[in-house]
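Note sheet for the following structure.
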Amino acid sequence: MDRLPVEIVVYILQGVAYELRSRDRQTVVNLAMASSVVYDIIAPILYERMIITYTNDTAIRQFMADGPLAKRVLRHTRFFCAPSSISAESINASLLSNVEVIYSSVQICDSIFRATEGRGVLRELRLWSLNAPADIHRLQPEALQNVTRIHSFYPYARNNDLYSVFEPVSAGWMHRLIEGFPALTHLGFSHVDPSGHRNDANKADVLSFNVVLQIAAKYSRLQVIAFRLTGRMAACLDDCVAIAKEMAEERAYFWVDDRPIDMWLAESRLMISDAQCERSLWTEARPLSSF
């Protein structure tokens, strides 16, 4: 390779890193250790995506506490995915407290910013929950100012809790969320129900979709407003498409994910595997015009 032009060598190394980082990460790590020059070429690809899983959660928190190492690595991070902060053995929708979820998602985004002394630039977030926009505003604004894409879950209208879209105390939930990310252009939500059977509760879910879409549509800087419908919610596609067409909202995109979801643990595992293979709402959703 000594006889090859430098540009070709760089292209080959980058190509290998992109090809293997998801399915054979250790090989990419070993390659990066070949020399400081190779490391500088591969590190931005190797560390571009941070994905929290149930097996690496503790290790990543320890890594975040190592100032010099975290600073060197996290300055390359552009994509961040956190399914939840509780273990696979105890995961249950009723146990997902907002404190736990925020700690494992937006809080780590803020930690990345602090660890890199403000030089980290997060572009895309895939989070289990953003149900507490007030918590977002407690973070350093600079940590979130470059985020352009967010994919999360949103609360169901039938939930009688603080974060339900229809609760008076949560008026402005969507506004606070969008305004908390000033560079946001792609907003995506997963609408999931593991039961798989349509029932009367779907009516409330469709109403919730209607509210979310109407509020998001008021922001001209949003280029894509995407929805992933899975589990029982897949049966609501026609209703949701009809609402988007009535609004003539061409920025609406839909992904009908027909993979079986029988419990929230399965959903969490799908979220991790999708992130690892770089499958996302943005690669799978189809525009409104295709329905």
*Run the numbers on L31 and L13 for side chain to side chain contact (heavy atoms under 4.5 Å, CB included), then give the verdict.*
CA-CA 9 Å; L31 182 60; L13 290 173; 4.1 Å; yes

*Can you tell me how far the CD atom of E250 sits from the CD1 atom of I225, to the nearest 0.5 Å?*
11.5 Å

*State which residues pass side-chain hydrogen bond (donor to acceptor under 3.5 Å, both in side chains) with E249; sequence neighbours excluded, sorted by chain then number.*
R251

_Residues that F291 engages under ring pair (Phe, Tyr, Trp, His ring centres under 6.0 Å), provided they are two or more places apart_ = F254

*Kindly compute the distance separating CG (D274) from CZ (R269), expressed to the nearest 0.5 Å.*
14.0 Å

*Taking only residues two or more places apart in sequence, or in another chain, which ones meet P260 in a side chain to side chain contact (heavy atoms under 4.5 Å, CB included)?*
none

*What residue pairs, at least two apart or across chains, pass salt bridge (charged side-chain N to carboxylate O under 4.0 Å, His left out) with a residue in residues 279-291?*
R279-E284

Can you give me every donor-acceptor pair (side chain of residues 32-44, partner residue at least two apart or in another chain, under 3.5 Å) with its distance?
from: S35; atom 1: OG; to: V37; atom 2: N; distance (Å): 3.4
from: S35; atom 1: OG; to: V38; atom 2: N; distance (Å): 3.2

*asked:* When you compare the side chain of T148 with that of H186, does any pair of heavy atoms fall below 4.5 Å?
replied: no

_Restricting to side-chain hydrogen bond (donor to acceptor under 3.5 Å, both in side chains), what partner residues turn up for D257, sequence neighbours left out?_
R228, R259

_same_hphob_cluster(V10, I12) at 4.5 Å side-chain heavy-atom cutoff_ = yes

*Measure the spacing between CG of L213 and NZ of K218 and express it to the nearest 0.5 Å.*
11.5 Å

*Listed by chain and number, what are the side-chain hydrogen bond (donor to acceptor under 3.5 Å, both in side chains) partners of N30, not counting sequence neighbours?*
Q26

_Rounded to the nearest 0.5 Å, what separates atom OG1 in T185 from atom CD1 in I150?_
10.0 Å

_Nearest 0.5 Å, please: how far is CD in Q214 from CZ in F209?_
10.0 Å

*Identify the heavy atoms of A216 and L222 that sit nearest to each other, and give their distance.*
O-CD1, 3.5 Å

*How long is the gap from CE on M50 to NE2 on H76, to the nearest 0.5 Å?*
12.0 Å

*Residues R221, I178; criterion side chain to side chain contact (heavy atoms under 4.5 Å, CB included); working and verdict*: CA-CA 10 Å; R221 63 181 164 91; I178 297 172; 3.3 Å; yes

*If you link ILVMFWY side chains whenever their heavy atoms are less than 4.5 Å apart, which other residues fall into the same cluster as W255? By chain and number, please.*
V224, Y253, L281, W282

*By side chain to side chain contact (heavy atoms under 4.5 Å, CB included), which residues pair with V256, not counting sequence neighbours?*
A234, L237

*Could you check V147 against E124 for side chain to side chain contact (heavy atoms under 4.5 Å, CB included), going step by step and ending with a plain yes or no?*
CA-CA 6 Å; V147 173; E124 181 175 347; over 6 Å; no

*With sequence neighbours excluded, give me every salt bridge (charged side-chain N to carboxylate O under 4.0 Å, His left out) pair touching residues 16-30.*
E19-R23, R21-E48, R21-E278

*asked:* Going by the rule side-chain hydrogen bond (donor to acceptor under 3.5 Å, both in side chains), which residues pair with Q223 if we only count those two or more places apart in sequence or in a different chain?
replied: none

*asked:* R123 vs R149, test: side chain to side chain contact (heavy atoms under 4.5 Å, CB included). Steps then yes/no.
replied: CA-CA 6 Å; R123 300 288 189 189; R149 299 186 178 203; over 6 Å; no

*Hydrophobic cluster mates of I45, side-chain heavy atoms under 4.5 angstrom, ILVMFWY only, any path?*
Y18

*Would you say the side chains of H151 and S190 form a donor-acceptor pair under 3.5 Å?*
yes

